[in-house]
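Positions are given from 1 along the sequence. Since we're looking at a predicted model, the values are computed, not measured. Just so you know, these numbers use all the heavy atoms, side chains as well, and skip hydrogens, waters and symmetry mates.
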Amino acid sequence: MRTQITSGIVFTVPAGLPRGRHALAREQIVDAQRERMLIAATELLAADGYRGFGVREICARAAVSRAVFYACFTDKDACVFAAYDRFIAVFLDRLAAAGGDDWPGCVRDFVASYLSTLESDLVAARAFGVEMDALGRAARERRRTALTQLAVFVRDLRRRRFPGTGDRVPLSAYLGAIHALRQIAADALDTAPEPDLSALVPELSGWLCRMVEPPCAEETP
């Protein structure tokens with residue numbers, strides 16, 4: 001199983017900081033250290049689970065002092081949540097590019113983009129799609145907020161690009177579809193070291209599309 005994030009997807013591994021005199025601004029140094037700590041927390045969460053590491057392990061993996069850590073984060077949870085927020089922001093940016101000439105095609109592109117984003121960095125995907133739930137209520141609230149954001153995104157995308165095709169579909173239907181997609185992906189990530197998530201696209205896009213079909217019109221007497 002992979003133990004390191006894929007640089008350039010959710011996080012980017014910073015170049016090594018120079019020793020001695022250098023021209024880097026303080027902000028550049030802090031940004032690089034913070035990125036290394038986010039990466040370290042993500043990799044440790046994916047590999048060892050939430051209870052398997054602490055601030056000491058994050059600092060050791062990121063090669064920073066505890067003073068540097070506490071200058072950026074109040075505790076371990078704050079670091080993990082900051083990494084999760086980045087993960088969700090990248091997701092929303094990538095999903096915004098979903099295309100499709102019709103609604104079924106749009107759903108297929110959305111599902112493909114969702115799964116390919118996970119597949120492009122399996123370490124971050126496992127950290128935030130599987131292990132994140134162990135952080136408790138605060139993590140669950142963040143997850144609900146993120147999934148609701150995705151559901152609203154899909155609903156609004158449909159209304160904007162295909163007017164009249166989903167006017168009677170409630171937000172709860174989109175939210176249910178997003179929850180189902182997330183759970184299927186999470187189970188695949190949890191049960192296989194190198195899951196072929198892209199193979200799930202045809203089946204998932206078909207039944208997810210049916211989940212957000214308008215309700216049948218009531219028959220008139």
Side-chain angles (χ1 to χ4, degrees), residues 10 45-46 50 80-81 83-122 124-192 195-219:
V10 179
L45 181 61
Y50 175 69
V80 172
F81 286 145
Y84 179 73
D85 290 344
R86 170 84 68 82
F87 177 73
I88 294 302
V90 168
F91 242 112
L92 291 172
D93 283 345
R94 288 191 160 217
L95 293 174
D101 296 330
D102 54 16
W103 174 238
C106 194
V107 172
R108 183 184 179 90
D109 279 5
F110 177 88
V111 172
S113 181
Y114 182 97
L115 296 176
S116 68
T117 300
L118 294 176
E119 205 165 37
S120 62
D121 188 347
L122 290 173
R126 285 196 176 89
F128 304 119
V130 178
E131 300 295 341
M132 185 73 178
D133 289 353
L135 272 74
R137 181 180 297 277
R140 294 194 299 272
E141 289 175 354
R142 264 182 163 79
R143 182 191 65 201
R144 281 193 292 270
T145 298
L147 295 183
T148 300
Q149 282 181 289
L150 292 177
V152 170
F153 169 82
V154 175
R155 182 199 64 186
D156 292 350
L157 175 69
R158 184 179 194 177
R159 290 178 174 178
R160 185 173 64 253
R161 295 193 54 196
F162 310 104
T165 63
D167 292 344
R168 294 184 295 123
V169 180
L171 179 61
S172 59
Y174 294 99
L175 188 56
I178 295 296
H179 272 273
L181 175 59
R182 178 193 182 276
Q183 191 59 51
I184 293 294
D187 286 346
L189 289 163
D190 199 25
T191 56
D196 183 5
L197 298 179
S198 59
L200 301 173
V201 172
E203 180 179 359
L204 290 185
S205 58
W207 60 258
L208 286 172
C209 192
R210 292 192 290 275
M211 285 181 69
V212 292
E213 282 299 302
C216 296
E218 294 184 359
E219 296 182 3

Non-hydrogen side-chain atoms of Leu157 and Phe110 separated by less than 4.5 Å: no
State, yes or no, whether a side-chain contact exists between Val107 and Arg158 at a heavy-atom distance under 4.5 Å.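 No, their side chains stay 4.5 Å or more apart.
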What pair of heavy atoms forms the shortest contact from [X] to [Y], and how long is it?
X	Y	answer
Ala185	Tyr114	CB-CE2, 4.2 Å
Val130	Ala186	CG2-O, 3.6 Å
Pro214	Gly166	CG-CA, 4.5 Å
Pro195	Ala188	CB-O, 3.7 Å
Glu131	Leu45	CG-O, 3.3 Å
Phe162	Cys106	CE1-CB, 3.9 Å

Hey, is the main chain of Val10 close enough, under 3.5 Å, to the side chain of Arg86 for a donor-acceptor pair? yes
Distance in Å, [X] [atom1] paired with [Y] [atom2], rounded so as to fall on 0.5 Å steps:
X	Y	atom1	atom2	result
Leu147	Leu175	CG	CG	7.0 Å
Phe91	Gln149	CZ	CD	12.5 Å
Ile178	Thr148	CD1	OG1	10.0 Å
Leu118	Arg126	CG	CZ	10.5 Å
Phe128	Leu135	CZ	CG	9.5 Å
Thr165	Glu213	OG1	CD	8.5 Å

Arg143 vs Asp133, test: side chain to side chain contact (heavy atoms under 4.5 Å, CB included). Steps then yes/no. CA-CA 8 Å; Arg143 182 191 65 201; Asp133 289 353; 3.2 Å; yes
Identify whether NZ of Lys or CZ of Arg in Arg142 sits under 6.0 Å from the centre of the six-membered ring of Tyr84 and within 45° of that ring's axis.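 No - Arg142 does not lie over the ring of Tyr84 by the 6.0 Å and 45° rule.
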Please work out which of the three classes, parallel, tilted or perpendicular, describes the rings of Tyr174 and Trp103, given edges at 30° and 60°.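 Perpendicular, since the angle between the ring planes exceeds 60°.
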Please set out all donor-acceptor pairs under 3.5 angstrom arising from side-chain atoms of residues 197-205, sequence neighbours excluded.
residue: Ser198; atom: OG; partner: Asp196; partner atom: OD1; Å: 2.8
residue: Ser205; atom: OG; partner: Val201; partner atom: O; Å: 2.7
residue: Ser205; atom: OG; partner: Pro202; partner atom: O; Å: 3.1

Do any pairs count as a salt bridge (Lys or Arg N to Asp or Glu O under 4.0 Å) and have a residue in residues 87-115, sequence neighbours left out, and if so which ones?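 Not a single pair qualifies under salt bridge (Lys or Arg N to Asp or Glu O under 4.0 Å).
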